[in-house]
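Here's the structure, in structure tokens; my notes come after.
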Amino acid sequence: MRILNRLLPHPLLTLLLTVIWQLLVNRFSLNSLLFGFFLGLLIPFVTQPYWPNRPKLKSPLRLAGYVLLVFWDIVVANIIVARIILFMPNSKRQPAWVEVPLDIRTPEAIAMLGGTITMTPGTLTADISADGHYLLVHCLHAPDTAAVRDDIKSRYETRLKEIFE
């Protein structure tokens with residue numbers, strides 16, 4: 001088992017890199033699958049010294065549900081942002097900065113939350129506090145900043161806490 005851990009330091013990353021390579025090539029062949037798998041083995045092996053504390057997922061199945069939720073939210077947010085841009089006059093828009101206090105503490109969970117906020121149209125993670133306890137989020141239209149903050153915490157942060165902590 002120790003040899004397997006040294007050859008595959010990050011098995012999920014190996015799988016992810018193989019799949020991403022297949023998507024980049026955009027056609028299936030045995031050569032591209034083998035080369036993608038080779039990259040999936042090589043990259044984690046070479047970068048292993050830079051990952052001293054590998055993140056532990058408490059619930060990988062919930063991660064899949066989280067990804068589906070984020071995809072859905074991206075689709076819905078695209079429609080909302082399009083309506084704001086196309087039909088709401090500039091004088092009625094209420095852009096705002098929202099400070100989101102964090103209950104999560106693992107760097108991976110915080111990075112994933114920041115990335116989720118940024119990937120969702122209409123919001124952007126602009127900064128993280130030096131102590132890692134707050135995110136600064138810019139919103140395209142947020143008449144109620146408390147509702148935005150509570151939505152981020154209940155919709156994303158609680159799920160990430162279940163996945164990582």
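This one's a predicted model, so the numbers in the text were calculated from it and none came from an experiment.
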### Query
Are Leu140 and Met119 joined in one hydrophobic group, where the rule is that I, L, V, M, F, W and Y side chains link up if heavy atoms are under 4.5 Å apart?
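No, no single cluster joins them.
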### Task
Indicate, with yes or no, if Val25 and Leu42 share a hydrophobic cluster defined by side-chain heavy-atom contacts under 4.5 Å among Ile, Leu, Val, Met, Phe, Trp and Tyr.
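Yes, because Leu42 and Val25 connect within a single hydrophobic cluster, where side-chain heavy atoms sit under 4.5 Å apart.
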### Message
Please identify which of these residues, Leu102, Asp103, Ile104, meets the side chain to side chain contact (heavy atoms under 4.5 Å, CB included) condition with Lys153.
### Response
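That would be Asp103; it is the only one of Leu102, Asp103, Ile104 passing the side chain to side chain contact (heavy atoms under 4.5 Å, CB included) with Lys153.
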### Task
Begin from the C-alpha positions of Ile117 and Leu124 and carry the test side chain to side chain contact (heavy atoms under 4.5 Å, CB included) through to its verdict.
CA-CA 6 Å; Ile117 292 167; Leu124 172 79; 6.0 Å; no
### Query
What's the spacing between Thr120 OG1 and Ile152 CD1 if we round to 0.5 Å?
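Rounded to the nearest 0.5 Å, the OG1-CD1 separation comes to 8.5 Å.
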### Task
Could you grab the distance from atom CG of Leu113 to atom NZ of Lys161, nearest 0.5 Å is fine?
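The NZ atom of Lys161 is 12.5 Å from CG of Leu113, to the nearest 0.5 Å.
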Donor-acceptor list for residues 32-40 side chains, cut-off 3.5 Å, not counting sequence neighbours:
residue: Ser32; atom: OG; partner: Gln22; partner atom: OE1; Å: 3.1
residue: Ser32; atom: OG; partner: Ser29; partner atom: N; Å: 3.3
residue: Ser32; atom: OG; partner: Ser29; partner atom: O; Å: 3.0
residue: Ser32; atom: OG; partner: Ser29; partner atom: OG; Å: 3.2

### Task
Give every residue pair that meets the side chain to side chain donor-acceptor pair (under 3.5 Å) criterion with at least one member in residues 132-152, sequence neighbours excluded.
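As it turns out, the side chain to side chain donor-acceptor pair (under 3.5 Å) pairs with a partner in residues 132-152, which skip direct neighbours, are Arg105-His133.
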Determine all donor-acceptor pairs shorter than 3.5 Å in which one atom belongs to a side chain in residues 62-73; sequence neighbours excluded.
residue: Arg62; atom: NH1; partner: Glu162; partner atom: OE1; Å: 2.6
residue: Tyr66; atom: OH; partner: Thr116; partner atom: OG1; Å: 2.8
residue: Asp73; atom: OD1; partner: Arg155; partner atom: NE; Å: 3.3
residue: Asp73; atom: OD1; partner: Arg155; partner atom: NH2; Å: 2.7
residue: Asp73; atom: OD2; partner: Arg155; partner atom: NE; Å: 2.7
residue: Asp73; atom: OD2; partner: Tyr156; partner atom: OH; Å: 2.6

#### Entry: side chain to side chain contact (heavy atoms under 4.5 Å, CB included) assessment of Leu135 paired with Asp127
CA-CA 6 Å; Leu135 287 180; Asp127 198 11; over 6 Å; no
### Message
Tell me which pairs pass ring pair (Phe, Tyr, Trp, His ring centres under 6.0 Å) where either residue lies in residues 106-130, with sequence neighbours left out.
### Response
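Listed by first then second residue: nothing to list.
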### Query
Which ILVMFWY residues can you reach from Trp97 by hopping between side chains whose heavy atoms are under 4.5 Å apart?
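In the cluster with Trp97 are Leu136.
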### Message
Using a 4.5 Å cut-off between side-chain heavy atoms of Ile, Leu, Val, Met, Phe, Trp and Tyr, which other residues end up in the same hydrophobic cluster as Phe87?
### Response
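Joined to Phe87, directly or through intermediates: Leu86.
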